[in-house]
Amino acid sequence: MEYDFREIEKKWRKKWAENKTFSASDDQTKPKYYVLDMFPYPSGAGLHVGHPLGYIASDIFSRYKRLQGYNVLHPMGYDSFGLPAEQYAIQTGQHPEKTTKENIARYRDQLDKIGFSFDWDREVRTSDPNYYKWTQWIFIQLFNSWYNPRTNKAEKIDTLISVFEKEGFSGNGHDILTGDIEKDLLPFSAEDWKNFDEQKKQEVLMNFRLTYLGEAYVNWCPALGTVLANDEVKDGFSERGGHPVERKLMKQWSMRITAYAQRLLDSLDTIDWSESIKEAQRNWIGRSEGASLKFQIQNTKSQTGEFIEVFTTRPDTIFGVSFVTLAPEHELVSQITTAEQKAEVDAYVTKAKNRSERERMADVNTISGVFTGSYVEHPFTGKQIPIWVGDYVLVGYGTGAVMAVPAHDERDYKFAKHFGLPITQVIERPQDFPLPRRGTEGEDGGNLPWTDKEGKLINSDFLNGLDVKAAIKKAIAEIDSRGFGKGQVNYRLRNAVFGRQRYWGEPIPVYYKNGTPYVLNENELPLTLPEVDKYLPTEDGEPPLARANNWKYQNQFDYEHSTMPGWAGSSWYFLRYMDPKNSGEFVSKKKAEYWGQVDLYIGGSEHATGHLLYSRFWNKFLYDLGYISFDEPFKKLINQGMILGNSAYVYVVLPQTQGHIPFTLSAHHGEHEEIIKLEEKFPGAQIAARKVLLIPEDVYHDIKKNGSNKEVDAWFKKQFAEFGDDMIGSYSSGNAIRTAIDVSLPEGDRLKDLNKLRQWHRQYEYAEQLIEGDYVCSREVEKMSKSKYNVQTPDEFVEKFGADTLRLYEMFLGPLEQAKPWDTQGINGVHNFLRRFWRLFHNDKNEFAVTDGEPSKESLKTLHKTIKKIQDDLERFSFNTGVSNFMIATNEFTDQKCNNRSVLCEMLILLSSYAPHIAEELWEKIGEKESITYAAFPKFNPEYLIESSFEYPVSFNGKMRFKIELPLTLNAAEIEKEVMALENTAKYLEGKAPKKVIVVPGKIVNVVM
RNA sequence: GCCGAAGUGGCGGAAUUGGUAGACGCGCACGACUCAAACUCGUGUUCGAAAGAGUAAGGGUUCGAUUCCCUUCUUCGGUACCA
């Protein structure tokens, strides 16, 4: 019987589903192993061959762990709320639920074809009310909690209330303050607290809740009609859709992730993730140590602030301060600006505030700012220091104000140069350090700004003579003891905006009474998504949920109209898989304890600062509240590399596309009509005009450079000759283009059959070549995308070669973590391997034939060598070398003509995690009754590999020259004697005496001359 | 700019602790089968006629370096007025 993968794969997919072969039991006596893939968003485009790469790797590992006797949890589900379905709904009027369901069905169908061992009974969907009920429940827990810095964990809000009842609140310096709060909270006493009315109390508590409603500058995306979190914005454009994003002050639900900044940073050291992802998170959190420092404002008319607080990482440079800069949005700006400067400052502030994020970014090199007219006093010298406003200072970072030390900071330096402000050097560059390359103005001898933390302090009073590190310490101590400020740690991490002005997301379980937000009771969940007539904002700019009829809490209070962001549901889904049907809890404590951390998490690195940070945050929160027993969700993380498409490009001379008329005609006007007239006169004129000419790359470059090309001119002439002067096609350099064609059309870079191209797309219906023979395409490796016609779907692959070949081939392409191009030419090699493997079990007549009895020594050696390699490869996630080792083993068994039952049985178990269908089929044929899934992984026995002799490579000065086989029983001296006696040795010694002979028994001989 | 990863035949890649560089596969060439082609099977395939050279380039440590150290270059990914 031939290897009929279609029948075999169909058969086993069915059997696995019927028998629920991969169902994870909750039997807690077995050791567990949790393998997770990143939650897919079911997009309308379906899967391409790049998506399953990680799923295949995790599936192989899951199957391997099952063979080792683990109770394996390997679930799959869908992150099914999200923008694309909603955008589609807006365009078509279809309910996003409908399209989402269709997309999920397509995904499921595609996934099923690849033979994954998912436990589908545990599937979750974030848009399912039974699931988002618990997302809402977690939101409520966050709302009812605060972060207590004294215990360093989240607690119920009651403990904060009791602090207020006992201590009141002493203002910004109070040690109970955590994370970022949006606005300064004024101090109050315990007595005050008791006298506050309900609304006031709620307002105060809002500054501490872990999810809270606050006013903040947000990333507003007008095209999407919603705000976005920082990680959803890339270079001033939305990550989804690429629409421009601007800054806007809005009242928003946010998550106080900043409270967890330090813990999120610290516990990175406890998890096994790639260094690059950890670094990305460290940078995103952006911890910096320094000092906060107060500058008294002189001659101020301000009532609330008599000082400007700045944050600096370089308190050592305090004597080099020559001005202070405020962010344009800084609240003190209006208060301190003098009458003379008011007009100028107002104009600047207005302009800066309205500039979009994008403009600001595009414009980083332009220096702008304005003097306020006011001054602060230097805390140590008492000198007058001017206060400026500049948009290089960001309101969201630190205090929104900087002490400018132009001699030792790049931006301060540029600002000072631009406005002619004084520059005081306070650190001497050490002799042995090279001149900085910056500060190119040529002034200051190119010496400034000196920004490295090296050198000795000068012009700095009590800091003189110290080196930078010591000076920082001393300065902080001095600032602290004189009451000018204190040592402080700052984070770049911002609180995460949580509300989205969109329809297709979890409703936020909040209603408003007298303008004050309250969360729903837990027994009122889920708050289901109401029906709306349109998925657009209302006329007065309210989110789509405001369209819902009679959608009010207790029929009178308005619900919150924004919904949760895409990352809400995916921040805890790994917990739900442990207990997906639980209607009383989000996960039972017992099950959470048993399954514990995800042991292996595989997914793309694009989630580095989004999903992977938010999940860690929620996990820590749930841990703090005692619902789960582990502080970090994902123990080991592997980022699979992207599979890139291998696009094919052709160079063509194309029409100026006016309607369907390709070439500009010499006929004066009304081209289309001209053509029709011509067609009557000369049949074939239209076709001639619609021709597309394929040109070689060099001709293309010639046209681009010179505007024309001789051969192409000649071709044009010929094409249109018969139509006379009425119609002469013309072209210019703009008509020569490089354009993608379907990857499947050329073989390698050769386009052998022009007819295939003609049939592929109307545009090429009358395509011709300038030069006879195979057309040479240019190939390029780039991301798969529809517009480049380089997308390959797993479906077509499975149809042609089978799922087992796909699984092996994707692994064989290269290391899991590396990006690699998809090259269809190598498939045959892998497919052939499976056929050769199949043949090991069959005789010449294609009849199933295995022999019993003792296997040969050689076969045992091959087998055990392979067991070791396969296991080692799996343990270090080196799936590509795993496939190679299967090929080597199969080649060896074929040479040995080995068809021994016991040897092949063990090979089947090894192969079953990579190519499960063929393994199951042969396993059944060989006479086994149970699925191979729960067989036992073969035990490696080193005895079979013991050799009596070794072929020693003999090197001269480290260069291998020849080999000699010697018994392994010889010791170093004996080996040296044998080698030195050889004729070959004498030849390479060229009569010289060897200086030294290195012998490593069992490894190598090296002769030093 | 900063951070991270990587650079090995015509191509994807291997070399696990410093010990035979190029496993395995593709492609290519030749041969067998065939009227012929495809498929399949077999042989060869880093460069060089050879001596020899050779893992981005240069230097270092070592008996010995793809592997460790230093300098430089290139590519990819992330990130950026963060004080």
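Protein chains get the first letters and strands the later ones, always in sequence-line order, with residue 1 at the start of each. Just so we're clear, the structure is a prediction, and the values are computed from it rather than from any experiment.
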Does B:A56 have a Watson-Crick or wobble mate here (both distances under 3.5 Å), and if so which one? B:U72
For B:A65, the Watson-Crick or wobble counterpart (both distances under 3.5 Å): none
Measure from the side-chain N and O atoms of A:N219 to the backbone N and O of A:L228, and report whether any donor-acceptor pair falls under 3.5 Å.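 Answer holds: yes.
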Work out how far the P atom of B:C24 is from that of B:G60, and round it to whole angstrom.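 Those two atoms are separated by 36 Å.
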Is the phosphate of [N], meaning OP1 or OP2, less than 4.0 Å from a side-chain N or O of [X]?
| X | N | answer |
| --- | --- | --- |
| A:R411 | B:C82 | yes |
| A:Q818 | B:G13 | yes |
| A:N957 | B:C63 | no |
| A:N891 | B:G25 | yes |
| A:N490 | B:A83 | no |

Under 4.0 Å between a side-chain nitrogen and a carboxylate oxygen: does that hold for A:R411 and A:D409?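 Yes, this pair counts.
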Any Lys/Arg nitrogen of A:E965 or A:K963 sitting under 4.0 Å from an Asp/Glu carboxylate oxygen of the other? no
For A:L970 and A:E978, work out which heavy atoms get closest and say how close. CD1-CG, 4.1 Å
What is the nucleic acid contact for A:S884, judged by heavy atoms within less than 4.0 Å: base, sugar-phosphate only, or nothing? base
Any base atoms under 4.0 Å from A:R876, or only sugar-phosphate, or nothing? Heavy atoms, all strands.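 Result for A:R876 = base.
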Apply the syn/anti split at 90° from 0 to B:G22 and say which one it is.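 Classified anti.
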Closest to the A:A280 side chain, choosing from B:A83, B:U20, B:G78: B:G78
